[in-house]
Amino acid sequence: MAHGPEIALLRGYWQVFLLLEATPAVVWMRVGTGRIASHVWLPRLRWFLRPMVSFHVCRSVAALKRGYYATVAIEDQPSVERRDIELLEDFERSLMPVGLRRIVIFILVGGFLLAYAMANLIHAHQTKFLGDFTRSVVELDRTGAIRAFRDLTVKKIAGAVALALWAAWLIMLMPAMAFRLKRAAFNLMASSARNLADSPARIHASKSVGIYLLEQKAFDAIGLAPPREVPLDLMARSVFIASWFAVGVGGLFTAQPSERWVSILFIAPSLLAAYRTT
């Protein structure tokens with residue numbers, strides 16, 4: 001029978017999948033542990049959660065299996081055995097494959113389309129630029145994408161960037177919610193759906209226990225580091241901050257002195273929020 005940290009890790013992964021099956025479509029999670037935050041509950045949608053967990057587990061198991069193959073091949077007395085590799089292969093067959101490329105394309109193209117719709121809705125002067133640029137991206141027309149930037153001022157470019165970033169932020173909201181649920185599920189591991197909701201969402205942004213510790217032990221056994229996790233929640237926050245910064249930059253290049261002063265109200269908070277995020 002297989003021994004070592006890999007069996008504990010695979011059991012932990014399986015417990016997370018069981019936890020996901022018992023998790024409702026909408027999870028109301030406590031915001032934090034403070035006097036006010038402990039009484040505030042925000043919804044977290046489960047959409048994208050299972051593919052996100054499957055992608056993480058697939059990457060981790062594949063990287064662990066490659067490390068085991070190398071250990072068996074080059075070490076005189078390897079710390080792992082062939083049956084450990086077979087165990088990883090058997091577990092890998094049970095995982096749902098995830099097409100990450102399709103998700104990325106959906107976010108990029110969907111962001112431009114949503115930005116174009118927003119520009120039309122508010123009758124912004126960026127409409128033609130966003131329309132031409134989006135069409136060029138969809139058609140993979142590099143010349144058309146460059147041509148779309150002609151006759152644009154800094155203010156118009158900044159406005160277009162802000163609209164695109166707002167659209168990207170709206171598209172990233174649901175994946176970011178699922179990512180926070182994923183981190184909570186990995187930290188709590190064998191817990192229940194009720195404990196998942198009671199657990200303050202804020203503490204999981206920097207907390208890495210449960211599955212993360214099991215991964216570290218499994219990879220430490222072969223001298224490797226676990227695959228890095230992409231922090232979607234911080235990315236979504238950074239995109240929103242960058243959109244406000246773009247609005248402020250656009251205001252600096254206007255002819256009205258009053259608008260230049262107002263732009264500082266966008267730039268200063270965005271820089272402060274970016275500093276707190278890092």
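Keep in mind that the numbers below use all heavy atoms, side chains included, and drop hydrogens, waters and symmetry copies.
- For residues 158-169, there are no salt bridge (charged side-chain N to carboxylate O under 4.0 Å, His left out) pairs, not counting sequence neighbours.
- A heavy-atom distance below 4.5 Å is not found between the side chains of L64 and L224.
- Atom-to-atom distance recorded for I85:CD1 and Y68:OH is 9.0 Å, nearest 0.5 angstrom.
- Applying the ring-ring contact (aromatic ring centres under 6.0 Å, His included) criterion to F186, with sequence neighbours excluded, gives H56, Y212.
- Rounding to the nearest 0.5 angstrom, the gap separating the CG atom in L181 from the CZ atom in F48 is 13.0 Å.
- In this structure L173 satisfies the side-chain contact (heavy atoms from CB on, under 4.5 Å) test together with W169, L170, sequence neighbours excluded.
- Note on residues 215-230: pairs passing salt bridge (charged side-chain N to carboxylate O under 4.0 Å, His left out), not counting sequence neighbours, are K182-E229, R183-E229.
- Contacts of A62 classified as side-chain contact (heavy atoms from CB on, under 4.5 Å), with partners at least two apart in sequence or in another chain: R66, E92.
- Between the CG atom in L49 and the CG atom in L19 there is a gap of 8.5 Å [rounded to 0.5 Å].
- In this structure, the side chains of N187 and I211 stay at 4.5 Å or more apart for every pair of heavy atoms.
- Partners of T23 under the side-chain hydrogen bond (donor to acceptor under 3.5 Å, both in side chains) rule, at least two apart in sequence or in another chain, do not exist in this structure.
- Going from atom CG of L214 over to atom CD1 of I7 covers 11.5 Å, rounded to the nearest 0.5 Å.
- Here CZ of R180 is found 5.0 Å from CG of D233. Values are rounded to the nearest 0.5 Å.
- Counting heavy atoms from C-beta on, the side chains of V57 and V16 never come closer than 4.5 Å.
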Task: Chi angles and distances behind the side-chain contact (heavy atoms from CB on, under 4.5 Å) call for L95, F17 - done: CA-CA 10 Å; L95 300 176; F17 283 119; 3.8 Å; yes
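- Here L213 pairs with V209 under the side-chain contact (heavy atoms from CB on, under 4.5 Å) rule; sequence neighbours left out.
- The nearest pair of heavy atoms linking M235 to V230 is SD-CG1, 3.4 Å.
- With sequence neighbours excluded, the residues satisfying side-chain contact (heavy atoms from CB on, under 4.5 Å) with A242 are L165.
- Once rounded to the nearest 0.5 Å, the distance linking CE of M172 with OG of S238 reads 8.5 Å.
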